[in-house]
Number of protein chains: 2
Amino acid sequence: MLDNSSNKTEQQILEAAYRVFQKKGRAGARMQEIADEAGINKSMLHYYFRNKDSLFRKIFMQSIAEFLGSVIPMLNNVETTWQEKISDFIAHYNTFLTKRPDLPLFVMNEINQHPDEFFNQLQIENILMHTVFFNQLSAAAERGEIRTIHPIQVFVTMLSNIVFPFIAAPIIKKVAAFTDSNWEHFMEDRVRITKEIIINYLEKV
Amino acid sequence: MLDNSSNKTEQQILEAAYRVFQKKGRAGARMQEIADEAGINKSMLHYYFRNKDSLFRKIFMQSIAEFLGSVIPMLNNVETTWQEKISDFIAHYNTFLTKRPDLPLFVMNEINQHPDEFFNQLQIENILMHTVFFNQLSAAAERGEIRTIHPIQVFVTMLSNIVFPFIAAPIIKKVAAFTDSNWEHFMEDRVRITKEIIINYLEKV
DNA sequence: GTCTATATACGGATAGAC
DNA sequence: GTCTATCCGTATATAGAC
C-alpha cells in the first residue's frame with residue numbers, strides 16, 4: 001500500500017505513522033501513539049527513522065505523491081476529450097478521497113505551515129500549465145466552442161467542488177443532519193452536479 | 001475587533017493569541033510566542049486565562065462566531081431574491097476571507113480534531129435548513145423556475161468555490177506562478193465565475 | 001497587575017543489555 | 001533488531017516578591 005520497503009516492522013511503522021500524522025498533524029502527533037499503533041516499541045521508531053521530523057517528511061512526501069500521482073496522468077491522457085477528462089477527474093478524485101478523507105486537510109496544513117520546505121523539494125510550477133487538458137481547453141476556446149476562461153479557473157473549480165466537501169464533511173453532516181447513507185448519496189449527487197455545472201458553463205458560449 | 005473585554009492587556013493577549021493560534025494551530029502554538037506577540041510576560045497569560053486550553057477555546061469560539069455571524073444573517077434577509085443572496089454571499093465571503101485568509105483551515109482543523117467538543121457547545125443543526133434562502137430555493141423549484149436540487153448542494157457549491165481557493169492559495173499561486181496582483185485578479189474572476197456558474201446552472205431548467 | 005524564578009510534566013531522543 | 005531504563009530539552013504552569 002505505502003511503500004516497497006523491505007522490512008516488516010518498517011512497513012508497520014510507516015503505516016502507523018501515516019494514520020497518526022494524518023489524523024493529528026505534524027505537531028499534534030506523538031511518537032508514543034505511532035509506536036502503539038504499530039504495535040512496537042518507541043525506540044524502534046528512532047532505530048528505523050532517525051527522528052520525528054525525518055519520519056514525518058517521509059510520510060508527507062508519500063502523501064503528496066499519492067495526491068498528485070492519482071491525478072496528473074489523467075490530465076495528460078491523449079485519448080480523451082476535455083469533457084471526458086473533467087468527468088473522469090471528478091469521479092476518480094471522489095473515489096480516491098473517499099478512501100483517504102484526511103489527506104486534503106493534512107496536505108494543505110503542512111504546505112501552509114512550511115511552504116518553503118515543500119516547494120524547495122518539489123517542482124510544481126510546470127506540472128499543470130502544459131498538460132494536454134489545458135491545451136485542449138485553450139484550443140476549444142480559440143475555436144469559439146467554449147467560453148474564454150483561464151484553464152486554471154476550470155481546474156480550481158473541479159478541485160474545489162470535490163475536495164472541499166471532504167474537508168468540511170463533519171460540519172456538512174451535522175448541519176444537514178446526514179446519516180452515513182445520506183452522506184454517500186450526497187456525494188454521488190455532488191459528483192454529478194459538479195460535472196454538469198462545469199461543462200454546462202463552459203459550453204454556453 | 002475581537003471582543004468587548006475591559007482590560008487593555010487582556011485585549012492584547014486575545015489579539016496575539018488569535019494570530020498565533022490561527023497560524024500555528026492548537027498543538028503548534030506556543031504560549032511564549034503568544035506572550036511575545038502581545039508584548040507581555042508569559043505568566044500574564046495564566047493570570048488572565050487559566051491555561052492554554054481555555055485560551056484556545058476562547059479564540060476558537062470567537063473565530064466560529066465570525067465565520068457564521070458574517071454569513072447567516074445574509075441568508076435570512078427577507079428583502080433580497082435568491083439570486084441576489086447568492087451574489088451577495090459570494091462577494092461578501094470573498095472580501096471577508098481576504099482579510100482572514102487563515103480562518104478556514106484553522107476552523108476546519110479544529111472541528112476535525114475535536115468534533116464532539118465543538119458540536120456539544122454549538123447547536124448548528126437548524127442553522128441553515130430553515131433559512132429564507134433555502135425556502136426561496138425550494139419554492140422556486142416547486143414552481144418549476146429552477147432545477148430541482150437539494151438546497152444544501154447549492155450552499156456547498158458556493159462555499160467550496162470561494163473557501164477552497166483560500167485554503168489552497170499557496171499551491172495555486174505556485175502552480176500558476178502568480179504574482180500578488182495576478183492572485184487578486186484571479187480571485188476577482190473567481191467571484192464572478194462562481195456566481196455565473198451557479199445561477200446559470202439553476203436557471204437552466 | 002506585573003514581574004522573576006522555579007516547579008512539574010511531557011515527549012523526543014539515547015544508552016546499553018540482550 | 002528489539003527491549004528497558006533513562007536522559008534532557010522544552011513547554012506549561014505555579015509560587016511568591018513587588
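Computed from a predicted model, the values in this text were never measured in an experiment. In what follows, every heavy atom counts, from backbone to side chain, and hydrogens, waters and symmetry copies are set aside.
The side chain of A:Met44 approaches D:dC3 more closely than any other nucleotide in the set D:dA13, D:dC3, C:dA13. Nearest nucleotide to the side chain of A:Lys52, out of C:dA13, C:dA15, C:dC3: C:dA13. Closest to the side chain of A:Tyr47, out of C:dA13, C:dT2, D:dG1, is D:dG1.
Contact annotation: B:Arg30 does not reach the phosphate of D:dT10 (side-chain N/O to OP1 or OP2, under 4.0 Å). Considering only side-chain N and O atoms, A:His46 lies under 4.0 angstrom from the phosphate OP1 or OP2 of C:dA13. Checking the phosphate oxygens (OP1, OP2) of C:dT2, a side-chain nitrogen or oxygen of B:Tyr48 falls inside 4.0 Å. Contact check, B:Thr9 against C:dT2: a side-chain N or O comes under 4.0 Å of OP1 or OP2.
Here D:dT4 presents its C1' atom at 14 Å from CD1 of A:Ile40, a figure rounded to the nearest Å. In this structure, the CD1 atom of A:Ile13 is 15 Å from the C1' atom of C:dG12, given to the nearest Å. In this structure, CG of A:Asp53 is placed 17 Å from P of C:dG11, rounded to the nearest angstrom. Per the geometry, CD belonging to B:Glu33 stands 15 Å off P belonging to D:dT10, to the nearest Å. Atom CZ of B:Phe56 is separated from atom P of D:dA13 by 14 Å (rounded to the nearest Å). The interatomic distance linking B:Leu45 (CG) with D:dA15 (C1') rounds to 17 Å, in whole Å. To the nearest angstrom, C1' of D:dC3 lies 13 Å from CD of A:Gln32. The distance between atom NZ of B:Lys42 and atom P of D:dA15, rounded to the nearest whole Å, is 15 Å.
When heavy atoms are screened at a 4.0 angstrom cut-off, B:Met31 is found touching the sugar-phosphate backbone but no base atom.
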Exercise. Hey, mind stepping through A:Glu117 and A:Arg26 against salt bridge (Lys or Arg N to Asp or Glu O under 4.0 Å) and telling me if it holds?
Worked result: CA-CA 14 Å; A:Glu117 191 178 324; A:Arg26 184 179 200 156; 3.5 Å; yes
For this session: Verify side-chain hydrogen bond (donor to acceptor under 3.5 Å, both in side chains) between B:Gln11 and B:Glu15, making sure each step is shown before the conclusion.
Result: CA-CA 6 Å; B:Gln11 190 58 25; B:Glu15 283 169 22; 3.0 Å; yes
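Side-chain contact check for B:Thr179 and B:Asn182: at least one donor-acceptor pair (N or O, by modelled atom type) lies under 3.5 Å.
With salt bridges taken as basic N to acidic carboxylate O contacts below 4.0 Å, none links A:Asp88 and A:Lys85.
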For residues 147-154 of chain A, which side-chain N or O atoms pair as donor and acceptor with protein atoms under 3.5 Å away, sequence neighbours left out?
unit_1	atom_1	unit_2	atom_2	d
A:Arg147	NE	A:Tyr201	O	2.7
A:Arg147	NE	A:Lys204	O	3.3
A:His150	ND1	A:Ile152	N	3.1
A:Gln153	OE1	B:Arg190	NH1	2.8
A:Gln153	NE2	B:Phe186	O	3.0

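Between A:Asn41 and B:Ala29, the residue anchored nearer the 5' end of DNA chain D, judged by the nucleotide with its closest heavy atom, is A:Asn41.
For C:dT4, the base has a donor-acceptor partner in the side chain of B:Ser43 [N/O atoms by modelled type, under 3.5 angstrom].
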